[in-house]
> 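Could you have a look at this structure, given as structure tokens, before my questions?
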Amino acid sequence: MSKVKALVLATALLAQCGATMRAQNAICSLDSCLKVALDSNLTVRASAIEALKAKDMESTYLELDPTEITLAQDPTSGGSPDNSLSVTQSFSMPSVYRSRHKQLKAQTSVARARTQLSRNELAMQVTSAYYTLLRQRAACRLLQRQDSIFDNFRRIATAKHTNGEASALERMNAEREQSENKLDLASALNDYDQAHSQLQMLLNTSRTIVPQEQELLPIGQDKAFGAFDASATMADSVNALEVKASELELSCTKKGYLPSVSLSLRGQLLMKWFNPYNVDRERFEKGNFMGFELGVSVPLSFGAIRGKVRAAQRDVEAAKLNREQQAATMHNTHKQLLNEYVKSKQAVDYYMTTGLPQAAEMERLSQLSYCNGEINYTELAQNLKSANDVRLSAIEAIDRFNQVVIKLNYINGKNY
């Protein structure tokens with residue numbers, strides 16, 4: 001397909017946004033996008049599986065060593081302990097199992113918090129991509145409108161040149177302005193397609209996404225952006241849980257100094273058919289229970305355990321430092337975003353109250369003056385381009401403001 005045909009097709013698709021929004025297969029709102037993303041995004045689904053895995057691991061806290069079963073037959077002895085079936089099991093101290101259970105539950109809490117954090121990050125990314133798509137659509141519509149205006153005046157300039165009322169230079173300038181605008185439109189359409197593909201990827205869908213908003217407007221902020229409290233954010237909650245999990249891991253490691261206990265039970269078991277020496281072997285008259293054995297295992301060397309404990313202590317220190325660093329980074333990011341918010345809000349206020357009304361008036365007066373013969377096409381094109389540049393700048397200003405608000409909402413702990 002040629003570039004011209006592709007441009008015509010893309011333009012036609014954009015012109016049919018209203019019809020597309022009514023299509024059942026289209027995703028038409030930010031809330032719909034968020035719902036689809038949170039249900040379908042592969043990263044969030046993988047994070048949820050990790051949380052389920054951590055929950056499954058909680059049942060492993062009571063992990064025992066394999067049970068040892070021993071069959072002993074001495075053909076030279078009678079009904080003695082040498083002819084028995086023994087069952088032996090080793091146990092750790094009860095505090096070891098309690099400590100391990102707490103540590104595994106802490107890991108589950110960390111995994112669940114990470115899942116919520118990944119959901120919040122995804123929601124922020126989807127919201128940002130959605131408003132980027134709105135921005136690109138607004139730019140395309142503006143350039144399409146400008147293309148219609150340039151096309152109309154190109155026809156007028158051509159007619160004037162044919163009738164000898166205008167020079168060939170005026171007609172050539174009209175054609176040049178329209179051609180340059182078409183190039184800008186083609187670039188904007190390509191950017192729109194890329195933004196659409198990015199949003200589809202975040203949603204893990206091939207469905208068409210057409211924002212239901214008819215125009216790009218500044219986002220209404222959820223709350224005033226003032227003092228920042230890092231401890232109220234989900235990111236800090238994850239870091240705090242990681243610190244707690246590392247401390248419980250240290251507690252588990254220290255339990256390595258404790259002894260373990262083994263218990264062995266023996267029952268008399270004589271195999272009469274196994275008597276190669278024909279020795280008279282009789283069972284004890286009191287019964288088959290032969291006795292038990294209780295043992296304690298004490299580590300003779302603590303060097304390896306001390307090394308593991310020191311390593312676990314390093315993990316605790318690293319987790320605490322990481323939490324402090326993340327908090328400092330978030331404070332600095334919030335400060336930068338707040339400064340950007342103030343600047344972008346000033347720009348938006350200017351365009352909404354002054355810039356855009358002036359651009360509309362400039363366009364109206366320029367077209368009227370040109371039709372009355374008061375200005376030539378060159379002046380008209382320059383004025384229209386100036387008005388168009390103001391509108392494009394307004395779109396960029398509103399988009400910068402929206403992106404800053406989205407990031408501030410996220411860093412201030414907005415949950416989805």
Side-chain angles (χ1 to χ4, degrees), residues 7 10-18 20-21 26-34 36-37 121-148 181-203 205 207-222 337 340-357 359-360 363 385-410 414:
L7 177 59
T11 304
L13 289 175
L14 282 176
Q16 296 174 355
C17 281
T20 305
M21 289 176 62
I27 303 174
C28 303
S29 69
L30 176 58
D31 288 341
S32 298
C33 289
L34 290 173
V36 172
E121 289 177 347
L122 175 64
M124 184 266 291
Q125 293 170 357
V126 169
T127 305
S128 175
Y130 183 87
Y131 277 92
T132 297
L133 190 64
L134 270 175
R135 179 199 67 191
Q136 295 305 137
R137 189 186 66 178
C140 289
R141 287 178 172 177
L142 180 59
L143 291 169
Q144 284 175 328
R145 177 177 176 274
Q146 191 77 350
D147 183 70
S148 299
N181 189 78
K182 285 186 179 296
L183 291 176
D184 292 338
L185 177 57
S187 177
L189 288 169
N190 181 65
D191 292 341
Y192 178 88
D193 183 64
Q194 291 183 3
H196 185 266
S197 298
Q198 175 66 21
L199 189 52
Q200 281 182 317
M201 184 185 70
L202 290 172
L203 270 60
T205 183
R207 296 167 62 186
T208 302
I209 303 169
V210 181
Q212 67 179 1
E213 290 80 0
Q214 294 303 309
E215 57 181 323
L216 178 65
L217 294 174
I219 296 178
Q221 59 198 71
D222 293 343
L337 288 174
E340 182 64 25
Y341 170 79
V342 173
K343 292 189 296 183
S344 61
K345 189 175 188 305
Q346 291 174 346
V348 168
D349 291 342
Y350 161 74
Y351 283 112
M352 299 296 289
T353 59
T354 305
L356 290 177
E363 182 180 273
K385 184 172 179 57
S386 296
N388 197 54
D389 288 343
V390 170
R391 292 190 176 98
L392 288 174
S393 297
I395 290 174
E396 293 299 321
I398 293 173
D399 181 65
R400 283 195 299 271
F401 174 82
N402 287 344
Q403 297 298 333
V404 169
V405 171
I406 291 168
K407 291 176 182 177
L408 279 170
N409 281 334
Y410 168 73
K414 181 177 181 180

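By convention here, the first residue in the shown sequence is residue 1. Values in this document were obtained by computation on a predicted structure and should not be read as measured data.
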> Apply side chain to side chain donor-acceptor pair (under 3.5 Å) to R400 and list each qualifying residue two or more places apart in sequence or on a separate chain.
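Scan of R400 (side chain to side chain donor-acceptor pair (under 3.5 Å), adjacent residues dropped) gives none.
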> Determine which pairs satisfy salt bridge (Lys or Arg N to Asp or Glu O under 4.0 Å) with at least one residue from residues 183-195, sequence neighbours left out, and list them in order.
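Every candidate salt bridge (Lys or Arg N to Asp or Glu O under 4.0 Å) pair involving residues 183-195 fails, so no pair, neighbours aside, qualifies.
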> Would you compute the distance between atom CG of N402 and atom CG of L134 and round it to the nearest 0.5 angstrom?
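Answer for the CG-CG pair, N402 versus L134, is 8.5 Å.
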> Measuring from atom CG of L185 to atom SG of C140, what distance do you get when rounded to the nearest 0.5 angstrom?
6.0 Å
> Using the side-chain contact (heavy atoms from CB on, under 4.5 Å) criterion, which residues pair with S29? Sequence neighbours excluded.
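With sequence neighbours excluded, S29 shows a side-chain contact (heavy atoms from CB on, under 4.5 Å) to D31, S32, Q212, given in chain and number order.
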> With sequence neighbours excluded, what pairs up with S344 under the side chain to side chain donor-acceptor pair (under 3.5 Å) test?
none
> Any idea which heavy atoms bring Y410 and E121 closest together, and the distance?
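It is OH-CG, 2.9 Å.
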> I need the R141 CZ to R137 CZ distance, nearest 0.5 Å.
4.0 Å
> Taking only residues two or more places apart in sequence, or in another chain, which ones meet T354 in a side chain to side chain donor-acceptor pair (under 3.5 Å)?
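Not a single residue meets the side chain to side chain donor-acceptor pair (under 3.5 Å) criterion with T354.
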> Flag the pair H196 / V210 as yes when at least one side-chain heavy-atom distance between them is below 4.5 Å, and no otherwise.
no
> Using the rule given for side chain to side chain contact (heavy atoms under 4.5 Å, CB included), can you reason through L203 versus V126, listing the C-alpha separation, both sets of side-chain angles and the distance that settles it, and then say yes or no?
CA-CA 8 Å; L203 270 60; V126 169; 4.0 Å; yes
> Closest heavy-atom contact between V390 and G355?
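What the structure gives for the nearest pair is CG1-O, 3.5 Å.
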> Please check if the side chain of N388 supplies one atom and the backbone of L143 the other of a donor-acceptor pair under 3.5 Å.
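No, the answer is negative, given that no donor and acceptor are paired below the 3.5 Å cut-off.
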> What distance separates L142 CG from D147 CG, expressed to the nearest 0.5 Å?
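Rounded to the nearest 0.5 Å, the CG-CG separation comes out at 11.5 Å.
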> Verify the distance criterion only: is there a donor paired with an acceptor across the side chains of Y130 and Q125 at less than 3.5 Å?
no
> Please check if the side chain of R207 supplies one atom and the backbone of Q200 the other of a donor-acceptor pair under 3.5 Å.
no
> What residues form a side-chain contact (heavy atoms from CB on, under 4.5 Å) with A195, not counting sequence neighbours?
T132, L133, Q136
> Please report the closest heavy-atom contact between C33 and L199, naming both atoms and the distance.
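That would be SG-CD2, 4.4 Å.
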> Do the side chains of L217 and E215 get nearer than 4.5 Å, heavy atoms only?
yes
> Can you see which heavy atom on I27 is nearest to which on V36, and at what distance?
CD1-CG2, 4.2 Å
> Please check this pair: side chain of S393 against backbone of D389, looking for a donor-acceptor N/O pair closer than 3.5 Å.
yes
> Mind checking the CD1-CG spacing from I395 to L216? Nearest 0.5 Å is all I need.
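If we round to the nearest 0.5 Å, I395:CD1 and L216:CG are 7.0 Å apart.
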> Please list, chain by chain and in numerical order, all residues satisfying salt bridge (charged side-chain N to carboxylate O under 4.0 Å, His left out) with K385, sequence neighbours excluded.
none
> Which value, rounded to the nearest 0.5 Å, describes the distance between I219 atom CD1 and T127 atom OG1?
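Separation between the atoms: 7.5 Å.
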> Taking side chain to side chain donor-acceptor pair (under 3.5 Å) as the definition, give me every residue that meets it alongside Y131, ordered by chain and number, with sequence neighbours left out.
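Expected list: none.
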> Please enumerate all residues that pass side-chain contact (heavy atoms from CB on, under 4.5 Å) together with E363, with sequence neighbours excluded.
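Per chain and number, E363 pairs via side-chain contact (heavy atoms from CB on, under 4.5 Å) with R145, Q146, I149, Q367, L384, A387, R391.
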> Which residues pass the salt bridge (charged side-chain N to carboxylate O under 4.0 Å, His left out) test with E340, sequence neighbours left out?
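Partners of E340 under the salt bridge (charged side-chain N to carboxylate O under 4.0 Å, His left out) test: K343.
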